[in-house]
Amino acid sequence: MNPKIYYTITDEAPFLATQSLLPIVSAFAKTAGIDVDTKNISLAHRILAVFGKTEDDLGFLGKLALDASANIIKLPNISASLPQLKAAIAELQKNGYDVPEYPDEPATEAEKEIRAKYDKVKGSAVNPVLRQGNSDRRAPKAVKNYAKKNPHKMGAWSSDSKTHVSYMTADDFYGNEKSVTLGDADSFKIEYVAADGAVTELRAAKPTLAGEILDATVMRMASLEKFIADQMADAKAKGVLFSVHLKATMMKVSDPVMFGAFVRVFFKDVFTKYADLFKEIGVNENNGLGDLYKRLEGNAKEAEVKAAIDAALANGPAIAMVDSDKGITNLNVPSDVIIDASMPAMIRNSGCMWNKEGKLQEVKACIPDRCYAGIYEATIDFHKKNGAFDPTTMGSTSNVGLMAQGAEEYGSHDKTFIAKGKGVIRAVNSKGEVLLSQDVEAGDIFRMCQAKDAPIKDWVKLAVNRARVSETPAIFWLDPQRAHDREIQKKVEVYLKDHDINGLDIKIMDPKSAITESLTRAKAGLDTISVTGNVMRDYLTDLFPILEVGTSAKMYSIVPLMAGGGMFETGAGGSAPKHVQQFLAENYLRWDSLGEYFALVPSFEQIASTTGNKKAKVLADTLDEANGRILENNRTPARKIGDLDNRGSHFYLAMYWAEALAAQTADAELAAKFAPVAAALTAGEKDIVAAYTAAQGQPVDIGGYYLPKAELLKKWMRPVEAFNKVIDAI
């Protein structure tokens, strides 16, 4: 049986790009006896799968990730906020799929079952299933070298910039965190104990392993609301933009509720005056201002309420905009508020965001919880003191991230709850012993996370190996003031003793010190490995790449799976929705598939090393050469129509790869196979690229956002028949 690469079908811009790139990859791979199979883990497919309307491809890949033969290319997918989930449901229903409405307030057992199924789809539902190993994420050397030769624009910084980060000083997740390391294998359930002693089970018992770390914490809603009101007043007094930075996609339960608090407090008078109307039309502030506008459409009081909203915007602090031209504020849609994309972009823009006039203005960045706010505060302080980075001299900060087996998946699944009233939420083991508990008031956000022992041990090993192979200092980012991090650090100190670390520079530092050290080294042109937990990994693998190479889309992550095999993650999808909007309006896709190009190299190398397939090694080596030429010749997508877009970049990948295969001497059969391919593509280059350019500039219809139609995708993503014939004939 041929070795197989499983290529994920996902969402938005990466999904569109796949329609053009995958035929090329499949055609080249089959010449080495390698099959490329697809598995659909898009939001729409996941919805259909949980209701038995299609195969469960995510479940299949989850099982595969526990097998030593796994070879998975993982593209960015939608981590669905509730508005995205509902939009996908509506689109599926429109296309004739029998899927139920999402029950906001499930009353019957049937509705509760429907809600439970949809909750499996929301937020970061894919990553805990597939990430059965820890991540080694970095910019390929060729990407780094290209950025040095072709530096991206970096906005200038002033020492007197008023931009700053604001966070709570008490009653947040950071301050209330409790943690424990378990002894023997057992189980625990989560209960709510009301003030009158009544006990409600919030989550049924699930097993735990020996040595597993649990933590539990709570965000006090009353304190959060006061914080928001105080920061609004301060932003107005200082004359800076008011902005919120959360992750309402990955942290699907906690962060939409915090986002809703910002909406509710910012428009307090509106929500008070129209409370009865909002209840009648089903307004939920957690879904943002945009959803409120939709629910008002056609209502007798629509104009009146909109005028009240406009008055609140006029009387409050100036608010950061997502799209100034369309009047879309920072509070319109929770899935627009993605901290790991918004904060690096702001830092690159001289610490500014866009105001309602479409001009850059200094910012108050509200990041309520202190667990991660400090790294952005330190980064901004560093820029104020040292100025912007120079990409031509800046060092690299790669990441080794703890994420295997659902490590530190805060709020993504079944351990986050909104307190219904005054009482206690607690974790209880099989003996009835309380492992962790938090006092709560109505509206407080309780959340837990877990980190198993084996992934932590593997994470330490991966960090040591990376430090040795790359001869680069490694810093474990662990905060002694956080209960969870203290438990992690105990294990790190033990497991480091399992390795020979003589001659290695390995430190443990709190996050603010660690990022300052990393930024200082980067400014001096020196490289550093950040060794972090899962959420910090998510944030840093956008922050540093955006500063270093201009984008995180050109990154790739090698995930050595703990059972053997590998998963190869590509790019980052934060900008994917904007790319789709441009594509639909202009038939121009600026998504950069470079992350996929680079991820395929170790994928082929794995096949070569595990099966002895020498042709796979030739494919890897020649693809690596082609990737270098893509960068050297600037064949990555530009931003505007008339230039090379994603599809044109794919043509050049195919041409350079074919040329490299034709020229190599390690495998005569492959050289002979690709000589005519290279000749045909080289001869047709001018006409093929011209045909791609000619196709630009018109609106396109792909038949849906979450579930586009296959025939329309082929029409728009493979529009040049002369190129298609060459690829399909390989």
Side-chain angles (χ1 to χ4, degrees), residues 154-175 177 219 223-224 227-228 230-235 237-247 251 255 258 262 317 320 330 337-353 361-389 397 399 410 475 477-482 485 509-523 528 530 532-533 535-544 546-547:
M154 298 285 279
W157 273 81
S158 168
S159 60
D160 58 2
S161 169
K162 293 188 289 185
T163 290
H164 61 281
V165 173
S166 294
Y167 46 82
M168 297 170 70
T169 56
D171 290 337
D172 58 348
F173 292 126
Y174 179 94
E177 189 172 82
M219 167 72 74
S223 296
L224 173 61
F227 164 79
I228 296 167
D230 290 346
Q231 299 313 310
M232 287 175 59
D234 189 59
K238 287 185 168 68
V240 294
L241 293 178
F242 179 81
S243 64
V244 54
H245 302 266
L246 298 166
K247 186 99 182 221
M251 300 188 197
D255 283 30
M258 288 193 283
F262 276 86
N330 191 231
V337 181
I338 302 177
I339 184 173
D340 42 333
S342 61
M343 286 301 294
M346 181 261 277
I347 292 166
R348 267 193 62 186
N349 281 330
S350 308
C352 297
M353 295 179 73
Q361 185 175 337
E362 291 171 339
V363 183
K364 173 187 283 290
C366 294
I367 307 174
D369 180 35
R370 285 172 289 165
C371 288
Y372 309 104
I375 65 169
Y376 294 112
E377 179 182 46
T379 302
I380 288 171
D381 289 346
F382 185 89
H383 279 75
K384 288 180 182 179
K385 180 179 179 181
N386 299 284
F389 282 97
T397 305
N399 182 266
Y410 287 97
I475 302 174
W477 296 36
L478 295 168
D479 188 341
Q481 301 305 311
R482 283 190 63 186
D485 281 15
M509 302 176 74
D510 70 87
K512 289 186 73 171
S513 299
I515 200 164
T516 302
E517 172 81 0
S518 301
L519 292 167
T520 301
R521 289 179 55 82
K523 191 79 173 177
T528 314
S530 59
T532 73
V535 180
M536 195 82 78
R537 170 205 60 81
D538 199 40
Y539 295 173
L540 296 187
T541 54
D542 275 301
L543 175 61
F544 281 110
I546 287 171
L547 298 179

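In this text the structure is predicted, and so the values were computed from the model without any measurement.
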Chemist: Could you verify whether a donor N or O on one side chain and an acceptor N or O on the other, from Y174 and Q481, lie under 3.5 Å apart?
Modeler: no
Chemist: Can a salt bridge be assigned to the pair K238 and D234 using a cut-off of 4.0 Å between side-chain N and carboxylate O?
Modeler: yes
Chemist: So do M353 and Q361 actually touch side chain to side chain, heavy atoms under 4.5 Å?
Modeler: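 Sidechains of M353 and Q361: no contact.
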Chemist: With side chains defined as the heavy atoms from C-beta onward, is the minimum distance between Y372 and P511 less than 4.5 Å?
Modeler: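 Not in contact.
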Chemist: Do S342 side-chain atoms and I338 backbone N/O form a donor-acceptor pair below 3.5 Å?
Modeler: yes
Chemist: Indicate yes or no: at least one non-hydrogen side-chain atom of M251 is less than 4.5 angstrom from one of V535.
Modeler: yes
Chemist: How many angstroms lie between atom CE of M536 and atom CG of L478, to the nearest 0.5 angstrom?
Modeler: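 Spacing of CE (M536) from CG (L478) equals 8.5 Å.
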Chemist: Quick one: do the E362 and T163 side chains pair a donor with an acceptor below 3.5 Å?
Modeler: no
Chemist: To the nearest 0.5 Å, what is the distance between NZ (K364) and SG (C366)?
Modeler: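 Reported value, rounded in 0.5 Å steps: 6.0 Å.
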Chemist: Before you tell me yes or no, could you show the steps for R348 and I546 under side chain to side chain contact (heavy atoms under 4.5 Å, CB included), namely the whole-Å CA-CA distance, both residues' side-chain angles and the distance that decides it to 0.1 Å?
Modeler: CA-CA 8 Å; R348 267 193 62 186; I546 287 171; 3.4 Å; yes
Chemist: Quick one: SG on C371 to CZ on R482, what's the gap to the nearest 0.5 Å?
Modeler: 3.5 Å
Chemist: Please verify the inter-ring angle class for H383 with W157; under 30° counts as parallel, over 60° as perpendicular, anything in between as tilted.
Modeler: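 Rings of H383 and W157: tilted, 30 to 60°.
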Chemist: To the nearest 0.5 Å, tell me how far Y376 OH sits from Y539 OH.
Modeler: 6.0 Å
Chemist: Report yes or no: does S350 contribute a side-chain atom to a donor-acceptor pair with the main-chain N or O of C352 at less than 3.5 Å?
Modeler: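 Not at all, since once roles are kept as given, no pair shorter than 3.5 Å links the two residues.
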Chemist: Within the structure provided, determine whether M154 and L547 are in side-chain contact (heavy-atom separation under 4.5 Å).
Modeler: yes
Chemist: Which atoms form the tightest heavy-atom contact between P480 and D510, and what is the distance?
Modeler: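 That closest heavy-atom pairing would be CD-CB, 3.9 Å.
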Chemist: Can a donor-acceptor pair be found, under 3.5 Å and without considering hydrogens, that links the side chain of D485 to the backbone of D479?
Modeler: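 Yes, the answer is positive, given that a donor and an acceptor are paired below the 3.5 Å cut-off.
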Chemist: Going by distance alone, is a donor N or O of one side chain under 3.5 Å from an acceptor N or O of the other, for T532 and R537?
Modeler: no
Chemist: Mind listing the closest non-hydrogen atom pair of K162 and V240 along with its distance?
Modeler: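 Closest approach of K162 to V240, heavy atoms only: CB-CG1, 3.8 Å.
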Chemist: Whether the S530 and N399 side chains hold a donor-acceptor pair (N or O, under 3.5 Å, no angle test) is what I'd like checked.
Modeler: yes
Chemist: Determine the minimum heavy-atom distance between F227 and F262, stating which atoms define it.
Modeler: CE2-CZ, 4.3 Å
Chemist: I need the single residue from D340, D542, D369 that forms a salt bridge (charged side-chain N to carboxylate O under 4.0 Å, His left out) with K247. Which is it?
Modeler: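 The salt bridge (charged side-chain N to carboxylate O under 4.0 Å, His left out) with K247 is passed solely by D340 among D340, D542, D369.
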Chemist: Give, for atom OG of S166 and atom CD1 of I228, the distance between the pair rounded to the nearest 0.5 Å.
Modeler: 12.0 Å
Chemist: Against I515, only a single residue in L543, I475, T520, T397 fulfils side-chain contact (heavy atoms from CB on, under 4.5 Å); can you say which?
Modeler: L543
Chemist: List the atom of S243, the atom of V363, and the distance in Å for their closest heavy-atom pair.
Modeler: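 So the minimum-distance heavy-atom pair works out to OG-CG1, 3.1 Å.
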Chemist: Among I380, I375, T379, which one satisfies side-chain contact (heavy atoms from CB on, under 4.5 Å) with M343?
Modeler: I380
Chemist: Considering non-hydrogen atoms only, spot the tightest contact between A378 and K512 and give its length.
Modeler: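 Reported closest heavy-atom pair: CB-O, 4.2 Å.
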Chemist: When rounded to the nearest 0.5 angstrom, what is the spacing between CD1 in I347 and CZ in F382?
Modeler: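 The distance works out to 12.0 Å.
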Chemist: Give me the atom names and distance for the closest heavy-atom approach of M168 to L224.
Modeler: CE-N, 3.7 Å
